[in-house]
Structure formats: structure tokens, C-alpha cells
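Because the structure is predicted, anything quoted here is derived from the model rather than measured.
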Amino acid sequence: MYEQLVTLPKVSDRRGNLSFAENFNQIPFEIHRLYWIYDVPGGTERGGHAYKENIEFVIALSGSFDVIIDDGNRIEKVSLNRSYYGLLIPKMTWRKMTNFSTNSLALVLSSTEYNPHDYIRDYQDFLKVVKP
Ligand code: TYD
């Protein structure tokens, strides 16, 4: 199993819920960057690439969307629809995000700063690396 769905802590009381994540605790790496994806038009697909080094942890802070992850041998779809789930996406994993609900908000915690050279954007190139 190359994908990992992590259930984050959830502290509930009559004032509502609170969830959290810490470096090297719920998140198995040091966070170097956050980005978030929002206002995604219906029917849009995002992602469609792999990273050579970057590891990601994706949370659906609001709404829902699907993450399709592919390690070159196996393709899986994970639906994120609760803000206390996080999906760990290892390096060298092809991933796409689809089926964004209205007003969905995807928070992505990343192990590296943004580096355009870390991307593999061609699926055939990805397969050549993972299945030489
Ligand atoms: P990209 O990673 O291709 O988005 P997605 O995977 O959701 O399809 O990034 C889209 C654009 O945003 C691209 O021009 C690079 C820029 N970008 C940054 O400048 N910093 C970042 O941290 C990220 C993730 C993207």
C-alpha cells in the first residue's frame, strides 16, 4: 500500500471541533511550504504530475474532492471529505485531483519549497523512472 490516509486528532466540545498536525508527528516530514487550492471550477482536474523529491500531505479543509494516486504499478482513488483526514502522497507518485465540490478548500503541506525542476509533468517520463 503506497498511499496513506491519516486520521488527525479531533478535539470536540460544545464550541465545535479542532484538529491539528505537527512536524514529525502526524506529518512524517518537516513542513517547508503550505499551499491551498480553492475556487476550482466544476469539472476541473488539477495535479497531473509527480515530484522527484517533494512529499505532500493533503487535507480537505472544506468540501470534498478525489485524489488519484499512481505509483506506476497501482492506481487508487481516495475521496477526501472530512477535515480530520490527511492523505500522505510519497515522492515519485503520479497524482491528480478531481471532483472538487463547490467551495472546496484543499490544503497541501509540502516537504520542500516550490521548485519547478522537481516536477515530472509527462506520464511516460514518470513511467520510465518508476519502471525502468
Ligand atoms: P501546479 O503545481 O502545476 O498546480 P496543480 O498541481 O494544482 O495543477 O502549480 C500551478 C501554478 O502555481 C504553477 O505556475 C506553479 C505555481 N506554484 C507556485 O508558484 N508555488 C507553489 O508552491 C505551487 C504548488 C505552485
Undergrad: Could you grab the distance from atom CG of N99 to atom OG of S79, nearest 0.5 Å is fine?
TA: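 With rounding to 0.5 Å, CG (N99) is 7.0 Å from OG (S79).
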Undergrad: With the side chain counted from C-beta on, respond yes when L88 and I55 share a heavy-atom pair under 4.5 Å apart, and no when they do not.
TA: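 L88 vs I55: side chains touch.
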Undergrad: Can you name the closest pair of heavy atoms from K10 and S12 and give their distance?
TA: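 Nearest pair, atom of K10 first, then S12: CE-OG, 3.6 Å.
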Undergrad: Taking Y35 as the starting point, is it possible to reach F65 by hopping between hydrophobic residues whose side chains are less than 4.5 Å apart?
TA: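 Result: yes, single cluster for both.
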Undergrad: Under 4.5 Å between side-chain heavy atoms, counting indirect links through other Ile/Leu/Val/Met/Phe/Trp/Tyr residues: same cluster for I69 and V130 or not?
TA: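 I69 does not cluster with V130.
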Undergrad: Measuring from atom CD1 of I27 to atom OG of S111, what distance do you get when rounded to the nearest 0.5 angstrom?
TA: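 Atom-to-atom, I27:CD1 and S111:OG are 11.0 Å apart.
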Undergrad: Could you tell me if the side chain of H32 sits less than 4.5 Å from the side chain of L109, heavy atoms only?
TA: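 No; the side chains remain at least 4.5 Å from each other.
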Undergrad: Quick check: do M97 and V58 have side-chain heavy atoms less than 4.5 Å from each other?
TA: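 Yes - at least one pair of side-chain heavy atoms lies under 4.5 Å apart.
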Undergrad: If we only count heavy atoms from C-beta on, is the Y85 to T7 side-chain gap below 4.5 Å?
TA: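 Touching, per the 4.5 Å side-chain cut-off.
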Undergrad: Walk me through it: do K96 and R46 pass the test side-chain contact (heavy atoms from CB on, under 4.5 Å)?
TA: CA-CA 6 Å; K96 288 190 284 197; R46 302 213 49 130; over 6 Å; no
Undergrad: Rounded to the nearest 0.5 Å, what's the gap from CG on D39 to OG1 on T44? Could you check?
TA: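 Rounded to the nearest 0.5 Å, the CG-OG1 separation comes out at 11.0 Å.
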Undergrad: Please round to the nearest 0.5 Å and tell me the distance separating atom CG of L8 and atom CZ of R82.
TA: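 Output value for this atom pair is 14.0 Å.
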Undergrad: Going by atom types alone, do N54 and Y114 pair a side-chain donor with an acceptor below 3.5 Å?
TA: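 Short answer, no.
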Undergrad: Any side-chain heavy atom of L61 within less than 4.5 Å of one from W36?
TA: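 No, side chains not in contact.
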Undergrad: Hey, is E56 close enough to K91 for a salt bridge, meaning N to O under 4.0 Å?
TA: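 Salt bridge between E56 and K91, a charged N being under 4.0 Å from a carboxylate O: no.
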Undergrad: Are I120 and Y51 connected, step by step, through hydrophobic side chains (Ile, Leu, Val, Met, Phe, Trp, Tyr) whose heavy atoms are closer than 4.5 Å?
TA: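 No; Y51 is not reachable from I120 via cluster members.
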Undergrad: Got S19 and P9 here, is their nearest side-chain heavy-atom distance under 4.5 Å?
TA: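 Side-chain contact under 4.5 Å: no.
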Undergrad: Hydrophobic cluster mates of V11, side-chain heavy atoms under 4.5 angstrom, ILVMFWY only, any path?
TA: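 Its cluster mates, by chain and number, are L18, F20.
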Undergrad: Could you give the distance from CG (D118) to OG (S110), rounded to the nearest 0.5 Å?
TA: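 One gets 10.0 Å once the value is rounded to the nearest 0.5 Å.
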Undergrad: Measure from the side-chain N and O atoms of D66 to the backbone N and O of T98, and report whether any donor-acceptor pair falls under 3.5 Å.
TA: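 No, because the side chain of D66 does not come within donor-acceptor range (under 3.5 Å) of the backbone of T98.
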Undergrad: Are Y119 and V129 connected in a single hydrophobic cluster, I mean Ile/Leu/Val/Met/Phe/Trp/Tyr linked by side-chain heavy atoms less than 4.5 Å apart?
TA: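 As far as the 4.5 Å side-chain criterion goes, Y119 and V129 are not connected within one cluster.
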Undergrad: Take F29 and F24 through the ring-ring contact (aromatic ring centres under 6.0 Å, His included) test and state the conclusion after the steps.
TA: CA-CA 5 Å; F29 54 79; F24 303 119; 8.2 Å; no
Undergrad: Counting only N and O atoms by type, is there a donor-acceptor contact under 3.5 Å from the side chain of K131 to the main-chain atoms of G72?
TA: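 Yes; judged by distance alone, with no hydrogens or angles, the pair exists.
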Undergrad: In the structure I gave you, are the side-chain heavy atoms of L80 and I59 within less than 4.5 Å of one another anywhere?
TA: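 Side-chain contact under 4.5 Å: no.
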Undergrad: Can we say R33 and E113 salt-bridge, meaning some charged N sits less than 4.0 Å from an Asp/Glu carboxylate O?
TA: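 Result for this pair is no, no salt bridge flagged.
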Undergrad: Do you know the tightest heavy-atom contact between H117 and N115?
TA: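 Heavy-atom minimum between the residues: N-OD1, 2.9 Å.
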Undergrad: Does M92 belong to the same Ile/Leu/Val/Met/Phe/Trp/Tyr cluster as I68, with side-chain heavy atoms less than 4.5 Å apart forming each link?
TA: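 Cluster IDs for M92 and I68 differ.
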Undergrad: Evaluate whether atom CG of N103 has more than 12 neighbouring non-hydrogen atoms of other residues, nucleotides or ligands under 6.0 angstrom away.
TA: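 Result for CG/N103: open.
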Undergrad: Fit a plane to each ring of Y123 and W94, take the angle between them on a 0 to 90° scale, and name the class: parallel (under 30°), tilted (30 to 60°) or perpendicular (over 60°).
TA: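 Perpendicular, since the angle between the ring planes exceeds 60°.
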Undergrad: Is N23 reaching over with its side chain to a backbone N or O of I31, donor-acceptor style, under 3.5 angstrom?
TA: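 The answer is yes, because a donor-acceptor pair under 3.5 Å joins these two groups.
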Undergrad: Side chains of T93 and D71 only: does a donor on one sit below 3.5 Å from an acceptor on the other?
TA: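 There is no such pair (donor and acceptor under 3.5 Å, judged by atom type) between the side chains of T93 and D71.
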Undergrad: Any non-hydrogen side-chain atom of L5 less than 4.5 Å from a side-chain atom of V78?
TA: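 Yes, their side chains come closer than 4.5 Å.
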Undergrad: If you compare all heavy atoms of S101 against all heavy atoms of G63, which two are closest, and at what distance to 0.1 Å?
TA: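 Taking S101 first and G63 second, the nearest heavy atoms are OG-CA, 3.4 Å.
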